[in-house]
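When a ligand or atom number is given, it counts from 1 through the structure's own listing order.
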Amino acid sequence: MKFFIDTANLDNIKEAQDLGILDGVTTNPSLMAKEGITGDANVIAHYKAICDIVDDNVSAEVIATDYKNIIKEGEALAALNPKIVVKVPMIKDGIKAIKYFSGKGIRTNCTLIFSAGQALLAAKAGATYVSPFLGRLDDISTDGLTLIEDIRLIFDNYGYPTQILAASIRGPLHIVACAKLGADVITAPLAAITALLKHPLTDSGLATFLADHAKASGK
Ligand code: E4P
């Protein structure tokens, strides 16, 4: 399973990259705004800075919602760096644009997926990734994990190569559940990823090992 970090914070991205387990980054306009990155030139510079840190898979989201401008923005983003994946919203013109990008060999991430039908359409259009938003479904008392399960079944039924990128992850248990369900990728905040490291028995076990070693060594 691939691990992406869901942030535009460069320190968080560097920390995850240093851990050696990072496969990519997802951003969105809200995450950019959270870091105070505003204005086209600054946003572009920020994408370039992210590409300098990670090995591949930097999702950069288009702002346009009409076909012509989604293509224009997406092509400009893709030209920034071969690591860029153009993030396109799940709307009618977005699906048309994904089909176009797919024909041009430009990778896409279809975002704001909340139903299996939306994922199926994006896969038909040739999306590289679909991003079902688990946490936001959970927030409205709908089981987000069932959506991952349904999309996995549909994609496997027909052999769609589109990868399931489980997004809007809220914590470590979401990540483990996505792994059990066969999501190809998770994207999560740094805290959810590093929470996977922790277990109290690991901490107490290590403390005992170190204490016994010190005692045996006469320290
Ligand atoms: C990632 O691609 C999404 O934009 C992100 O996971 C959304 O997460 P949120 O629901 O926490 O905003």
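Salt bridge annotation for Asp93-Lys68: absent, with no cationic side-chain nitrogen under 4.0 angstrom from a carboxylate oxygen.
Atom 3 (C) of ligand 1 has as its closest protein heavy atom Phe133 CZ, 3.4 Å. From the protein, the heavy atom lying nearest to atom 8 (O) of ligand 1 is Ser168 CA, 3.4 Å.
Within ligand 1, counting atoms from 1 as listed, the ones closer than 4.0 Å to a heavy atom of Arg136 are 7 (C), 9 (P), 10 (O), 12 (O). Each of the atoms 1 (C), 2 (O), 3 (C), 4 (O) of ligand 1 lies under 4.0 Å from some heavy atom of Lys87.
Checked by distance only, ligand 1 and Asn28 come closer than 3.5 Å through their nitrogen or oxygen atoms. Any N or O atom pair closer than 3.5 Å counts here, and Arg170 shares at least one such pair with ligand 1.
Put simply, part of Asp6 is less than 4.0 Å from ligand 1, judged by heavy atoms.
Under the side-chain contact (heavy atoms from CB on, under 4.5 Å) rule, Cys110 has a single partner from Met90, Lys87, Gln118, which is Met90.
At distances below 3.5 Å, at least one donor-acceptor pair connects side-chain atoms of Asn57 with backbone N or O atoms of Asp23.
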N/O donor-acceptor pairs under 3.5 Å from side chains in residues 69-78, not counting sequence neighbours:
unit_1 : atom_1 : unit_2 : atom_2 : d
Asn69  : ND2    : Asp66  : OD1    : 3.2
Asn69  : ND2    : Asp66  : OD2    : 3.1
Glu73  : OE1    : Ile63  : N      : 2.5
Glu73  : OE2    : Ala64  : N      : 2.9
Glu75  : OE2    : Tyr100 : OH     : 2.6

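Donor-acceptor pairing under 3.5 Å is recorded for the side chains of Thr187 and Thr26.
Under the 4.5 Å side-chain heavy-atom criterion for Ile, Leu, Val, Met, Phe, Trp and Tyr, Leu145 and Leu196 are members of the same hydrophobic cluster.
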